[in-house]
Structure formats: structure tokens, C-alpha cells
Protein chains: 2
Amino acid sequence: MAMVEAGKGVRAGSAHKRAAILGAARELFLADGFERTSVDAIAARAGVSKRTVYDYYGEKRALLLAVVEQAMDSLISAIQRSVDDNLTDDLTSVEGLRSALVGFARSVTESALGSSDYSALMRLVSAESANLPELEERVTTEPEDLVSERFLRYGRRGLLEVPNPRLAADHFVALTMASTASAIGRPVAQSDASTRQMIADGVDVFLRAYTPR
Amino acid sequence: MAMVEAGKGVRAGSAHKRAAILGAARELFLADGFERTSVDAIAARAGVSKRTVYDYYGEKRALLLAVVEQAMDSLISAIQRSVDDNLTDDLTSVEGLRSALVGFARSVTESALGSSDYSALMRLVSAESANLPELEERVTTEPEDLVSERFLRYGRRGLLEVPNPRLAADHFVALTMASTASAIGRPVAQSDASTRQMIADGVDVFLRAYTPR
DNA sequence: GTGACACTACACCGTGCAGTGTAGTTAAGT
DNA sequence: ACTTAACTACACTGCACGGTGTAGTGTCAC
């Protein structure tokens, strides 16, 4: 009579090994994709026996799920940090706002997107989401929500003219970040300089469109 | 003494079957991904024996390559058509320009992107390009080139203020189309109405930033 | 009829891989 | 010393799939 514990992990185990396995899986999934990564390879990279991988995670899908979950969390908290650090409440001039926006976009692209883990992660999610419905839940608009909240505040203070803060946030993201991890496809490991230029130009256009007057 | 013909297709064959195989491969690759699609499944869907698939295309990779090639071509020509139909040379007012831009963006999203084949295609390319270096060549900036050429003309006629037409084209694409096939990830089969609204808003912002004065 | 050709049906090989079962080792707790 | 838990090493099952080889069938040209 087997007592089935429905918890995700089968073992309590040393958290250290869990992390090693998860890390190895992350690296390999992001680099080679889900299908092309074997559990044997993950085990080897984690310095752990294949059996242990199964003892911890049960099946390969669970491993992918855990990887995505963790990556999403760290992405969102990185963005949260960028918002807090840059989109502060003490701005008074449009010029101050400009440099705050530039700083914010740079911070995000460097800490999150630029690491190129971001695009790899998104690639992974969209490639596998058809087969892993649970992934859909993790898809989020949190980043845009955070930004739009700040825009709303700036709007109230007269720094921006934003009838629809959420839309403005979408536009800001499109102008400064989306082009960096371009929607038309290419991986683009753009040089630092050109990324900075793109951000400056994007902020420029954004302000031209959303500044009062 | 086997004479090796280095041509891509091993057979001349009935072009009809070639197309059937290619079409089947396209549907399956886009729906399920490269790795998850078996050659047997392609053959079955094309109503052809597996052996024939190999006689025509040699190996699975070649099939993928052909699919991407064909899809890219048809995508580009669809965009070309949208440009020709909408971004005409007879515009005189900013209001005329506005509706031309809206028409253009709608036409593109409907004929190319909206079919959702576009995002599936891009997903496929970026997911497999690591393993298929030949794909890189097919990655193009043609669409943006076409648009920027039109912007340059409008700039000369005083309808737009575009010191850097290519940049303006990037911004236009980002504002109107990229958000549709969003970079943040989700598949987004958005309703027609909301897509239209997004386009109108995007054009609005674009014009606010790029109109003279 | 004879040949050439395009194609199918089918068997087949090799391999890589998800997942399991198990015996044995190590180390800690008592 | 005894028990228990965490792991490893390793063998093994089952399957799916890429790719090939081949015998046979239909069809057209001459």
C-alpha cells in the first residue's frame, strides 16, 4: 500500500543537490532546447547520478517546469529592482525623467535581457508551451504593470501626458526593449554601444509622443 | 561508379508531390516543432510513402530548410504587396498618411503575422537556428528596409520628419506590429478589434513623434 | 511486349533516450 | 554495532525515430 505524497519533489534531500540539478538543467535547456537535452547529460553536468535526478524531479517535464519557474521569478525581481532604482518619485523635470527612463531601460536590458538568457528563455517557453500547458500560467504582464504604475504617477505630476498608462508602458517597452530582443527574430548580440543608442533613440521618441504639449 | 548529382532534390518528380510533402512538413513543423515531428508523420500527411520523402529531400534537415525558405519568401512578398498597396506616393496630408499607415499595418498583420504562421515560423527558426547554421542566411531585414525607403520619400515631401528613416521604420514596426506578436512571449491570438485598436494607437504615437513641428 | 520510371509497402538496422529496478557504498543518528 | 537514508553505478526495458534496402505495382512511351 504505497502512500503517495503528491508534493512536487519526491525527496527532501540536500537543497544543494536540488540546486545543482536545476542549474544544470537550466544551462542545457537554454543552450540546446528541451528535446535535445538528455537527462543523462543533465545528471553528468550536475555531478549526480541519473537516478538521483529522477528521485528529485520525477520526470523531465517537471524539471523544465521548475527551470522556467525559477527563471521567471528572477527575471521579474530583476525588473522590480530596476524599477525601484530608476523610476523614483523625486523627479521634477522632463530632462530628469529622460535620464531616469534611459537608466531604467539600460538596467533592464543589461541585467535581464542582455544576459541573453532572456531571449533563450523566451524561446524555450514559446517552443515548448504547446506541449506544457502549465507554462501558460507563468506568462505574465507584471513587468508592464510595474512600469505603467510609475507612468501613472508621473502623469499625475504633470511630467507625462498619459491618458492610458498601460498603453504607454507597452509603447515604452516596444520602443526601448522589444527592438533589442527583436521581434523579427534574430538573436542579436548587439554591441553595447548600439544598444545604448537604440535605447536613447527609443526614449527620445517616447518622450516626443508622451510629453505634455 | 555512382555519379553523384550534387543538386538539392534527388528527383525531378512530379512537382505536385514535392509541394504536398513540403506543405505537410510546413504544417507539422510549425505546429509541433522540428524535433517532435517525425518523417513518418510528414509522409502520412502528404499521402506519400516515407521512402518518397527521402527520395525527394534526402534528409529531414533539408526539409526544414526548404520550409523556412519558402515561408520567408512568401512572407516577404506579402509585405512587399502591403507596402505597394498602402504606402503609395500620392499622399498629400498627414491625415492621409495616417490612414495609409493604419492600412499598411493592418494589411501586414492580417496577411502575414496575424495568420499566426508568422510567430510560429519565427519560433521555429530561432529554436532550430542553433543547429542549422544555414538558417541564419535567411534572416532578413528586408521588411524594415522596404518601409524605411517609403519613409524617406515621405520625409522628402515634408510629411514626416525623419532624420534617420531606418530608425523610424524600426520604431514603426515596434509600435504597431511587434506588440502584436509580442516580444514578451505570449502567443496572443488577439481579437481583431483589439489588434486594430493597438495599431491605431501605435500609429498615433508614431505620428506624434515623427510629424513635423 | 519491353523497358524505364515513379512510387509504395514493408521490413529492417542502429541508436538515443526516458524511465525503472536493484545491489552496494557511504555517512550520520542512536 | 545496528538502522536508516541518501546516493551511485549499472544494467535493462521499451520505444520512437532517422535512414536504408528491396521487391513489387502501376503507368507511360515506343
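What you see below is based on every heavy atom in this structure, not just the backbone, and it leaves out hydrogens, waters and symmetry mates. To find a chain, count down the sequence lines: A is the first, B the second, and so on, and within it residues start at 1.
Of the candidates C:dT8, D:dC7, D:dG18, D:dC7 carries the atom nearest the A:S14 side chain, counting heavy atoms from C-beta on. Nearest to the side chain of B:T52, among D:dT8, C:dA18, C:dT8, sits C:dT8. Nearest to the side chain of B:Y56, among C:dC7, C:dT8, D:dG18, sits C:dC7. Here the side chain of B:K60 is nearest to one of D:dG18, D:dC7, C:dG19, namely D:dG18.
Figure legend: B:K17 and B:Y56 shown without cation-pi pairing, the cationic atom not lying both under 6.0 angstrom from the six-membered ring centre and within 45 degrees of its axis. The side-chain tip of B:R208 points at the ring of A:Y210 from less than 6.0 angstrom away and within 45° of straight on.
Closest-nucleotide positions on DNA chain C for A:V39 and B:G47 were compared, and the one nearer the 5' end corresponds to B:G47.
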Taking only nitrogen or oxygen atoms into account, show me every contact under 3.5 Å that the protein makes with nucleotides 20-25 of chain C, one pair per line with its distance.
from, atom 1, to, atom 2, distance (Å)
C:dG21, N7, A:R51, NE, 3.0
C:dG21, O6, A:R51, NE, 3.4

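Atom CG of B:D55 and atom C1' of D:dG21 are 11 Å apart (whole Å). Between the CD atom of A:E35 and the C1' atom of D:dA16 there is a distance of 12 Å, rounded to whole Å. Look at CD1 on A:I21: it is 8 Å from P on D:dT8, rounded to the nearest Å. Straight-line distance from the CG atom of B:L64 to the P atom of D:dG19: 12 Å, rounded to whole Å. For the pair B:D40 CG and D:dT20 P, the interatomic distance rounds to 14 Å; values are reported in whole Å. The interatomic distance linking B:L28 (CG) with D:dG18 (P) rounds to 12 Å, in whole Å. Following rounding to the nearest Å, A:F34 (CZ) and C:dG16 (C1') show an atom-to-atom distance of 15 Å. For A:R61 and C:dG19, the CZ to C1' distance is 14 Å, given to the nearest whole Å.
Not one side-chain nitrogen or oxygen of A:K17 sits closer than 4.0 Å to the OP1 or OP2 atom of D:dA5.
Qualifying salt bridge (Lys or Arg N to Asp or Glu O under 4.0 Å) partners for A:R153, counting only residues two or more places apart in sequence or in other chains: A:D89, A:E149.
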- prompt: B:S129 and B:S126: side-chain hydrogen bond (donor to acceptor under 3.5 Å, both in side chains), yes or no, with the steps?
  reply: CA-CA 5 Å; B:S129 66; B:S126 71; over 6 Å; no

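To the nearest 0.5 Å, atom OG1 of residue B:T52 and atom NZ of residue B:K50 are 12.0 Å apart.
Residues A:S77 and A:R81 form a side-chain contact, since some pair of their non-hydrogen atoms from C-beta on lies under 4.5 Å apart.
Checking B:T88 against B:D90 by side-chain atom types alone, a donor-acceptor pair falls below 3.5 Å.
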